[in-house]
Amino acid sequence: MKIATYNVNGVNGRLPVLLRWLEETTPDVVCLQELKAPQEKFPEQAIRDIGYHAIWHGQKSWNGVAILSRSGQMKEVRRVLPGDPEDLHSRYIEAEVDKLVVGCLYLPNGNPAPGPKLDYKLNWIKRFAAHAQTLVNQDMPVVLTGDYNVIPTGFDVYKPERWVDDALFRPEVREAFHQLVAQGWTDAIRKLHPEDKIYTFWDYFRDAYGRDAGLRIDHFLLNAAVSGRLRAAGVDRHVRGWEKSSDHAPVWIELANAK
DNA sequence: ATGCCATTCTGTGAATGA
């Protein structure tokens, strides 16, 4: 089965691109981030018309996450990240689908840093790590995917020295991400492509895509119950080159069927 | 250091993004 993640940067403004990509690649499960649409403005019918059942948690103007499934048998587990009832951002949704637990996340950006946005980001990672700790050792296969807004290493950015003070690459952010992974998660893209330069985001500015000045910030973390089924992983880079594209490209993995 | 571009909306610029 194929699972994909895509930060769409506006699900309604991006709808033609999203539908074209879904019809072209037909992933079984899709996690979307940055819907930038209130709950009632999610384009459910257009997505249903091409064969996907959807659950989503919208928010006006910002954030927003969704999970799509072609099998249609999806059981929502939660639509908020536990740990802070005051946090109203729509940044996490989790479901059981096709005998997997799928967590779809949009981790806070954190810029400008330092400052309250970086503090919010670090606190969000802490809450996410606490939740991930409850999932990592389960017998159930778990896939946590989305826009992590973290550049894991200097190899994951075109010019690391330009990013040292940025909230996507600051040492404390990288350290928090590495501690999360060290719970026992597999970074699926890097696992299968340890030597390749792989980016998932290219800024709209300065022809970043044309210069391949990218970042790897959209990730798949797999627990041990599923990591052995990982068969392929990649980035649909060409989608970033389409007219009216998101600044992110879709990222995907393929899993062998369960024994 | 800033702007570079693109999204959304209690809009016509501001806030946000990475």
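Just so it is clear: chains get the letters A, B, ... in the order the sequence lines come, proteins before strands, and each one is counted from 1.
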* To do: Spell out protein contact along nucleotides 7-16 of chain B as letters: B when the base is contacted, S when just the sugar-phosphate is, - when no protein heavy atom is under 4.0 Å; keep the 5' to 3' order.
  => BSSB-----S
* Partners passing salt bridge (charged side-chain N to carboxylate O under 4.0 Å, His left out) against A:R174 (at least two apart in sequence or in another chain) -> none
* Quick one: label A:Y106 by what it contacts on the DNA or RNA (base, sugar-phosphate, nothing), any heavy atom closer than 4.0 Å. => sugar-phosphate
* Please state the P separation for the pair B:dC9 and B:dC4 - nearest whole angstrom. => 24 Å
* Sticking with atom C1', work out how far B:dC5 lies from B:dT10, rounded to a whole angstrom. => 25 Å
* Asked: How far does the C1' atom of B:dG11 sit from the matching atom of B:dT16, given to the nearest Å?
  -> 15 Å
* Using ring pair (Phe, Tyr, Trp, His ring centres under 6.0 Å) as the criterion, list what pairs up with A:H57, not counting sequence neighbours. => none
* **Separation of B:dG17 C1' from A:R91 CZ (nearest whole Å)** => 10 Å
* Asked: Can you name the residues that form a salt bridge (charged side-chain N to carboxylate O under 4.0 Å, His left out) with A:R78, not counting sequence neighbours?
  -> A:E94
* **Step-by-step salt bridge (Lys or Arg N to Asp or Glu O under 4.0 Å) determination, A:R70 to A:D28** => CA-CA 5 Å; A:R70 281 207 298 159; A:D28 298 287; 3.3 Å; yes
* What distance, rounded to whole Å, do you find between the two P atoms, one in B:dA15 and one in B:dA1? -> 22 Å
* How would you label the contact of A:N7 with the nucleic acid (heavy atoms, under 4.0 Å): base, sugar-phosphate, or nothing? -> sugar-phosphate
* Structure fact -> Per nearest nucleotide of DNA chain B, the residue lying toward the 5' end, A:F205 or A:L168, is A:F205
* d(CG, A:D203; C1', B:dG3) in whole Å -> 11 Å
* Just say parallel, tilted or perpendicular for the rings of A:H219 and A:Y148, cut-offs at 30° and 60°. => tilted
* Asked: Taking only residues two or more places apart in sequence, or in another chain, which ones meet A:A256 in a side-chain contact (heavy atoms from CB on, under 4.5 Å)?
  -> A:R229, A:R231
* Select base, sugar-phosphate, or nothing to describe what A:D218 touches, counting heavy atoms under 4.0 Å on all strands. => nothing
* Asked: When we call it a touch if two heavy atoms are under 4.0 Å apart, what does A:L215 touch: a base, just sugar-phosphate, or nothing?
  -> sugar-phosphate
* What residues, two or more places apart in sequence or in another chain, satisfy salt bridge (charged side-chain N to carboxylate O under 4.0 Å, His left out) together with A:D187? -> A:R216
* Asked: Looking only at atom P, what distance separates B:dG3 and B:dA14, rounded to whole Å?
  -> 13 Å
* Measure from CG on A:D166 to C1' on B:dA1 and round the result to the nearest Å. => 14 Å
